[in-house]
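First the structure, in the form of structure tokens, and then the observations on it.
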Amino acid sequence: MTETSPAVKTPTLPDSQTVTAVTHWTDRLFSFRVTRPASLRFRSGEFVMIGLMGDNGKPLLRAYSIASPSWDEELEFYSIKVQDGPLTSRLQHIQPGDEIILRPKPVGTLVHDALLPGRRIWFFATGTGFAPFASLLRDPQTYEDYDEVIITHTCRERGELTYGAQLIDGIRKDPLLAELIGEGFHEKLRYYPTTTREDSPKMGRITDLMRDGTVFADLGVPPLSAECDRAMVCGNLAFNLEIKDMLEGYGLDEGANSKPAHYVVEKAFLD
Ligand code: A2P
């Protein structure tokens, strides 16, 4: 269910932005949109600190990947709801018209600048780790830089895939978006969703499906190589560590803003 605000109020807190829409996807996941500070420039894949004022009068802030593309006039975030989490136990109740704190200093490693040129890019996400890719998948540079763009998303249950599935469907169907992203992206974009705890067309952890070759057979692509493939990873800690090992095994080296290479990793931020 999405709620939108009829009118945007003038913010009253320092660094505050006004919530314009909230969508609850499951009892564990929601996304929301806020006004964008006029001066905020960011690279797709980066994160900012956002939060609410704590009871002690101090800001309670967490890192959140920006899920919206850099050309969007608002900012979008995708969040887990942790019932006893200091921030998300409260953040999950925000409504259009409410204010949140947003420190306008974007940073992060999941940026195109941290990768060397390649032919195919893999975006590996679990859970809310999809957020930075929601931005990168709507960035024209993604399709300018690569011949093939593969996004994998592993979640426990089917409902947790909906945010990503709808976003990708929207990218494919929206002619305005297609115009913004650039011609030919349709053929380049491949989506590979999997679930681990509920039946779906493709079951299993992406790491296991790579290890036994299923992913490569399904997509008709060879296993990753440093020559062709680049990767960005965003998920829970255990997943990040496991796939990092696998990527190193394929011969890929970790990159950074200061030293571009073959893959980059960021933790999906949890409360
Ligand atoms: P599983 O259900 O087998 O634990 P979470 O919601 O806990 O962050 O998990 C999101 C998804 O990431 C789940 O489908 C989970 O699978 C999967 N996952 C967790 N750890 C790993 C890992 N080490 N490698 C691959 N996938 C993982």
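All ligand and atom numbering here is 1-based and tracks the order in the structure. Note that the structure is predicted; figures quoted are calculated from it, not measured.
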Quiz item: Do Y192 and K202 come close enough that some side-chain heavy atom pair is under 4.5 Å?
Solution: yes
Self-check item: Salt-bridge criterion met for R197 and E157 (N-O under 4.0 Å)
Solution: no
Practice problem: Run through ligand 1 for me and note each protein residue having a heavy atom under 4.0 Å from it, chain first, then residue number. | Solution: R28, T126, T154, C155, R156, T196, R197, R205, T207, N236, A238, F239, E242
Quiz item: Taking the hydrophobic residues Ile, Leu, Val, Met, Phe, Trp and Tyr, and joining any pair whose side-chain heavy atoms are under 4.5 Å apart, which ones share a cluster with L116?
Solution: none
Self-check item: Shared-cluster residues of L241, by chain and number - hydrophobic side chains joined below 4.5 Å
Solution: L237
Quiz item: Who are the salt bridge (charged side-chain N to carboxylate O under 4.0 Å, His left out) partners of R103, not counting sequence neighbours?
Solution: D15
Practice problem: Assess whether ring-ring contact (aromatic ring centres under 6.0 Å, His included) is satisfied between F47 and Y64, documenting all intermediate values. | Solution: CA-CA 5 Å; F47 64 84; Y64 270 82; 10.0 Å; no
